[in-house]
Amino acid sequence: MDKKTYSLTPEQEEQLLENEFRDLLSGYMASNHRKKVEIIERAFAFAKSAHKGVRRRSGEPYILHPIAVAKIASREIGLGSTSICAALLHDVVEDTEFTVGDIEQHFGKKIAEIVEGLTKISGGIFGDKASAQAENFRKLLLTMSKDIRVVLLKMADRLHNMRTLGSMAPNKQYKIAGETLYIYAPLAHRLGLFAIKTELEDLSFKYEHPREYDRISALLKGSEEDRAMGYNNFAAPIRERLDAMGLHYEAKARLKSVYSIWRKMETKHIPFEEVYDLYAMRIIFDCPEGVGEKEMCYRIYAALTDLYRPHPERIRDWIAVPKANGYQALHVTLMGPDGNWIEVQIRSRRMDEIAEKGFAAHWKYKIGGEGEEESELTVWLRTIKDILDDPNPNAIDFLDTLKLNLFASEIVVFTPKGELLTLAAGATVLDVAYTLHSEIGNHCIAGKVNHKLVPLSQKLNSGDQVEVLTSQSQTPKPEWMTFLSTAKAKTRLRKELRREQQPFIDKGKKIFEHFLEENSITLNNDVMTKILGTYHVTSREELFLRLGNGEASIDDYLNVNTSSSARSLVSRLLRLGFGGGGKKKEAAKPKPLTPPAGKINTKETYILRFNDTERNFKLSDCCRPIPGDDDVMGFINDDGIVEIHSLTCPRAQVLKASYGPRILAVKWESVTEKFLAKVRIEGIDRHGILQELTRLISTALDIDIRSMNIQAHEEVFSCDLTVKVRTTDDVDALCSKVMKIKGVKRADRLR
């Protein structure tokens, strides 16, 4: 929405709202749904009145947001009048005086139930506390089993929020983009909403890495002409062949998204110029009468492979065995006339609509009442039921386990009776055992893969036939967790281990509560964080278990040692202000750090300083960013210190999704110290090249080398360096100079 819109007169604004609503209606009228215009008009009038006078942060009238969500639900997901009404009304109960009862009275039970479901999970999946996040996400998933439209509308709501994220403060952008990439995009993928998943990823990337986003977008634009020429040369013979077959079809190039291009560059450590699969070709056909979809796909495949050589290891038949989210297509990778491999996706019109709109499109092609078109969703919901039923998950474990289940690559294996099981890539025999039943998993001792005896930890490949062997004397072991890959198996094992450990946990809890009471310590999140840190455990249950089974003792911490490093837990907690009713004093900060004066304003950009007199941040150990890195963020840790993380590091992903209010936008300023950076150099090996490298770096560039690991295999060498630098400019200069040495082919910083 353009800023000039916000200064419209009341009459102009009224006309704008009417035009936007009429646009929503015109899209709905063009759909295949039964036309129920009257109830949609009533829902709009109701929502417009309820939100009257309220504006979004960007300044636009609030009612434009529900209209936009309804448009996405209708046009991009393919939902009907019930969902459109619920989208228009989705914020009424949360933000106004109206109740769910009022919605039911005016619009009926079904719309009221959907609005109630959306209200329960309002404010985003994630709140300020990890436990609340896990509970909120559980609510979201529970509503899916009742009415999938709740989560589809939540997706539409999130997509519009991402499209209008520019009006938010930078720290809010990091938080919302982070949780979108961490949970919403994988959830969209799992629901088959591929177009929405791709846009969510790109928008998240745009706000987290604006410079990289702009750079790759510019490179794509610059290479557009060459790409179009290459595609036309490849596609022209295919079009001729399909026309000769008399097919009604649509053939188009599908450009790889900016985010997926960047991911490939990062994971493979290659420049943009070496990403050859920038596009794929998609053929969408209308199935001729009397010919099955599957048969037609194979006919087109045969025609393509007559023209071009197929890659034998890159043929994917998702028709015979559809993906768990319902996706069907035949993928083949062909050698184009320019010598590059190009993927071609072959789909019927029905397959394409389901691929783009996911489970919503299944309803359009409904067969036989509650038929098979919803079976994939039912199967997937069953796989997460164990996680939802688990009453006491560790919050971060819960989110990680769920993400594992949401975004897993899949393999298909067979039981001895020939039944298909779809599992996460990397699944083991034990994963299969727990997938079949908790008791089979608990008593599993080994397996037979393709009739050969293998251990529990044996990883499986697609097409394997797997038989599980059990023994009643076998019991679950904590170490099993290390070789499980599926969310269901991990949850079931965790639940069984907890059941066996519960008596010890209960005992440890009593010991802990007695300790708090005896020392007049009031329990809150800050207290718990300090205590967990003292015992080096990650959760309350782990602490209680160690106390209950005798692995740790409170008494160990009550004996005050003379050394400063072994102060008692009680004295430290009291000094930090957690005793006697929980009054919190200012926590002592490590001497090298200069704590910020007063409370940090998370709405403002935090200035990073590290010089002779001041240091107001610390670098995280997980990703070790250095001054000059643009893609960094700040996180206020439990001690009030600002930690600096790279936006791409796995820990940062969790922090953004789990602790949004503690995320900071940051800016480097007045940093004069040196920091460690890692650089990888690759090239053609020759006599004396190592000496040239070290002389250039330490003498010509005056950069300290802290470690060097060089390996040569036949004629190729690779060298990993750790150097001390002040900023990223030093690293860039090093890489640029090193590239001029004869034989060096690549020099990049490692993150």
Quiz item: Is the gap between the ring centers of F285 and H248 under 6.0 Å?
Solution: no
Quiz item: Is the F205-H209 ring centre distance short of 6.0 angstrom?
Solution: yes
One thing to verify: whether [Y] and [X] come together as a salt bridge, which I'm taking to mean a side-chain N less than 4.0 angstrom from a carboxylate O.
| X | Y | result |
| --- | --- | --- |
| E343 | R316 | no |
| E274 | R746 | yes |
| E224 | R227 | no |

Just so I know, are the side chains of [X] and [Y] near enough to count as touching, which here means a heavy-atom distance under 4.5 Å?
| X | Y | result |
| --- | --- | --- |
| L423 | S485 | no |
| K256 | L220 | no |
| L193 | L152 | yes |
| H90 | L153 | no |

Quiz item: With a 3.5 Å cut-off and no angle check, do the side chains of D431 and T428 form a donor-acceptor pair?
Solution: yes
Self-check item: Closest non-hydrogen atom pair, Y308 against N233
Solution: OH-O, 3.8 Å
Self-check item: Which atom of K36 lies closest to which atom of I39, heavy atoms considered
Solution: O-CG2, 3.4 Å
Practice problem: Would you please test R349 and E250 for salt bridge (charged side-chain N to carboxylate O under 4.0 Å, His left out) and show each step? | Solution: CA-CA 9 Å; R349 188 72 59 185; E250 181 185 348; 3.1 Å; yes
Quiz item: With a cut-off of 6.0 Å (strictly less than), are more than 12 heavy atoms of other residues, nucleotides or ligands near CD of E273?
Solution: yes
